Amino acid sequence: MRNLQLSFNQTQKVRLEKALERLESLSSKSNPNSCVTVGDTIPVYEDGILKGHGTSDQKGELAATVCGVVERINKLIYVRALRARYKPETGDIVIGRVIEVVPKRWKLEINFTQDAILMLSSMNLPDGIQRRRTAVDELNMRSIFTENDLVCAEVRSSQGDGSLQLQARNQKYGKLERGQLLTVDPYLVKRRKQHFHHLEEYGIDLIIGCNGYIWIGEHVEARDKMVVDQGSNSEQLIAKCDKNSMDLDEQDGTCTPREARQNICRIANAIRVLSRLGFNITVEVILETVNLSNSLNLDIHDMLGSEFYVLVAESEAERRSLSKRKR
Amino acid sequence: MVGLSEGEQEFIKGGIAQDLRSDGRKRYTYRPIYVETGVIPQANGSARVRMGSTDVIASVKAELGRPSAMQPDKGKVAIFVDCSPTAEPTFEGRGGEELSAELSSALQHCLLGGKSGAGAGIDLSSLVVVEGKVCWDLYIDGLVISSDGNLLDALGAAIKAALSNTGIPSVHVAAEAASDEQPEVDISDEEFLQFDTSGVPVITTLTKVGKHYIVDATLEEESQMSSAVSISINRQGHICGMIKRGGVGLDPSVILDMISVANFVSRQLMDKLDSEIAAADADEDES
């Protein structure tokens with residue numbers, strides 16, 4: 001994780017080491033006993049405990065079988081592994097890509113062991129009326145989402161066999177366009193109250209999916225989007241047909257404007273840096289990183305250079321020590 | 001290879017048109033290149049090159065052999081590329097063969113010139129030991145560990161770095177007049193026949209998306225390409241080889257324009273690569 005594959009010169013290496021050490025010391029102060037590695041004994045303070053995931057009985061003592069943090073809930077003791085696969089819970093916001101369109105449902109790939117299912121009945125219909133889905137609706141499924149589309153949805157339930165059911169009944173959910181998708185490790189995204197962020201000053205929508213997919217795109221008004229889409233869909237279709245003969249300047253008009261694009265790229269690079277360094281991805285940290293890069297007048301591509309990595313690590317160490325002192 | 005939705009495709013094409021790609025690069029900017037040499041101690045020379053998420057390793061092994069009858073004063077070089085399944089699950093078994101064959105032949109084209117050996121980027125005459133009888137055979141192997149676009153450039157850079165790291169054992173030949181070869185191979189620690197790589201070209205791939213060309217395309221950008229031209233240029237600015245991929249036809253004026261762009265870009269790439277290789281060699285010496 002720390003093998004950053006960048007050429008740091010000597011001073012940068014030293015600064016980076018110092019910042020990372022500082023971060024480690026800050027975190028270990030708060031939880032002295034709870035980090036364990038494989039084979040460590042877990043201190044047990046009472047009788048009648050239930051041994052959960054990641055623990056095993058070794059010669060009468062409780063030993064950890066994974067590297068992680070010890071969690072105690074009532075009488076249950078388990079070890080929560082740090083770098084685990086995405087573990088879905090009801091109510092999670094996830095971003096998925098459609099890989100299959102089958103009768104009455106879409107199959108989405110969400111960076112999980114199995115594909116998630118989005119039922120046609122869990123989607124709002126284009127005309128907005130709540131009614132029973134007919135065979136015509138089924139035939140028109142492709143006009144709503146087709147293969148390779150990006151969809152934002154919420155986890156409704158997980159079935160007995162482990163497969164997931166999603167729903168997209170809200171105005172906020174649905175197809176994602178005009179932007180880019182980033183993949184980070186799922187453990188870097190913690191569950192929060194808000195996963196949809198509209199960054200006003202940049203005019204950008206930021207959706208941090210709990211499965212590690214992060215969407216950064218132009219701001220789209222929370223939609224009666226389905227109705228609007230039908231109209232613009234036909235325009236887009238005509239535009240695509242003429243694309244090859246069309247002048248590129250015209251094409252730019254329907255494309256993302258340069259200002260928004262710069263913001264999108266800047267935010268995307270900030271997230272890339274944070275994920276490479278292994279820091280949690282939250283809106284505050286992202287905005288701070290972007291502000292840092294703006295204040296230094298860094299070229300967008302230079303954000304992926306070694307100097308900026310070191311600066312981000314240092315500023316994160318600074319921020320965490322400040323927040324600790326406030327507490 | 002993940003598919004891309006319409007919106008994402010439009011975003012990528014629009015970015016290239018506006019000279020601002022998904023990670024903020026301009027059209028002719030390379031991703032940060034990271035070079036490590038000497039990664040395979042058993043080989044005569046080796047190097048690992050990372051360009052963004054693209055990760056390739058090249059190794060050079062030298063063996064004594066006979067020169068071919070048509071070119072008795074030249075050594076032989078064979079280039080072979082293997083795509084590892086760690087890059088893509090589809091490369092497992094025979095899945096990666098097509099891509100491997102394409103890359104191998106492209107590299108041979110760019111670095112070794114024509115069948116007669118004329119115009120080779122690598123100087124083959126330096127590999128000969130006894131003319132007509134004994135020469136060095138270089139077996140250059142490339143391994144693709146992780147693929148995020150622009151494999152050809154990365155492999156070309158890795159081969160250049162591996163060759164600069166190659167030490168060919170010095171050979172003392174006993175003065176025999178017989179037609180049988182009897183060289184004494186003195187594989188002493190003085191492997192100071194460092195291969196001369198100042199003439200080795202670098203490969204620059206220009207990917208055409210829409211009306212513009214970009215350098216160092218990522219996998220997503222490559223999925224939107226109409227055609228790609230890979231040109232290998234050496235330090236003197238001479239073109240050593242050129243390959244065009246992709247089904248869309250190109251106007252000759254476009255190709256000439258691409259050549260001039262490649263000339264400009266490859267100069268920067270060569271400087272960057274030379275400094276990275278020097279730094280990597282220095283690191284290796286330290287450790």
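From a predicted model like this one, the values you see are computed outputs, not experimental measurements. Convention: sequence-line order gives letters A, B, ...; per-chain numbering from 1. The analysis underlying the following values was restricted to heavy atoms, covering all of them including side chains, and did not include hydrogens, waters or symmetry mates.
Contact record, B:Leu20 with A:Cys265: CG-SG, 4.2 Å, taken as the closest heavy-atom pair. In terms of heavy-atom proximity, B:Glu6 sits nearest to A:Asp149 at N-OD1, 4.4 Å. Closest non-hydrogen pair, B:Ser5 versus A:Leu150, comes out as CB-N, 4.0 Å. A:His301 and B:Gly24 make their closest contact through CB-O, 3.6 Å (heavy atoms, listed as atom of the first residue, atom of the second, distance). Here the closest non-hydrogen pair linking B:Leu4 and A:Arg97 is CA-NH1, 3.6 Å.
When atom types are taken as modelled, the side chain of A:Asn269 and the backbone of B:Asp23 share a donor-acceptor pair closer than 3.5 angstrom. Without hydrogens or angle criteria, A:Arg261 side chain to B:Phe11 main chain gives a donor-acceptor distance under 3.5 Å.
Rounded to the nearest 0.5 Å, atoms CD (A:Glu177) and CD (B:Glu8) are 10.0 Å apart. The CG atom of A:Asp299 lies 13.0 Å from the CZ atom of B:Arg25; values are rounded to the nearest 0.5 Å. For the atom pair CD1 (A:Ile300) and OG1 (B:Thr29), the distance works out to 11.5 Å, reported to the nearest 0.5 Å.
Heavy atoms of B:Glu36 lying under 4.5 Å from chain A are absent altogether. Contact of A:Arg266 with chain B is not made at all, since no heavy-atom distance falls under 4.5 Å. Heavy-atom distances place no part of A:Ile99 under 4.5 Å from chain B, backbone and side chain included.
In A:Lys107, the NZ atom is not crowded: 12 or fewer heavy atoms of neighbouring residues, nucleotides or ligands sit closer than 6.0 Å. Environment of CD in A:Glu147: crowded, with over 12 heavy atoms of neighbouring residues, nucleotides or ligands closer than 6.0 Å. More than 12 non-hydrogen atoms from other residues, nucleotides or ligands lie less than 6.0 angstrom from CD of B:Gln268.
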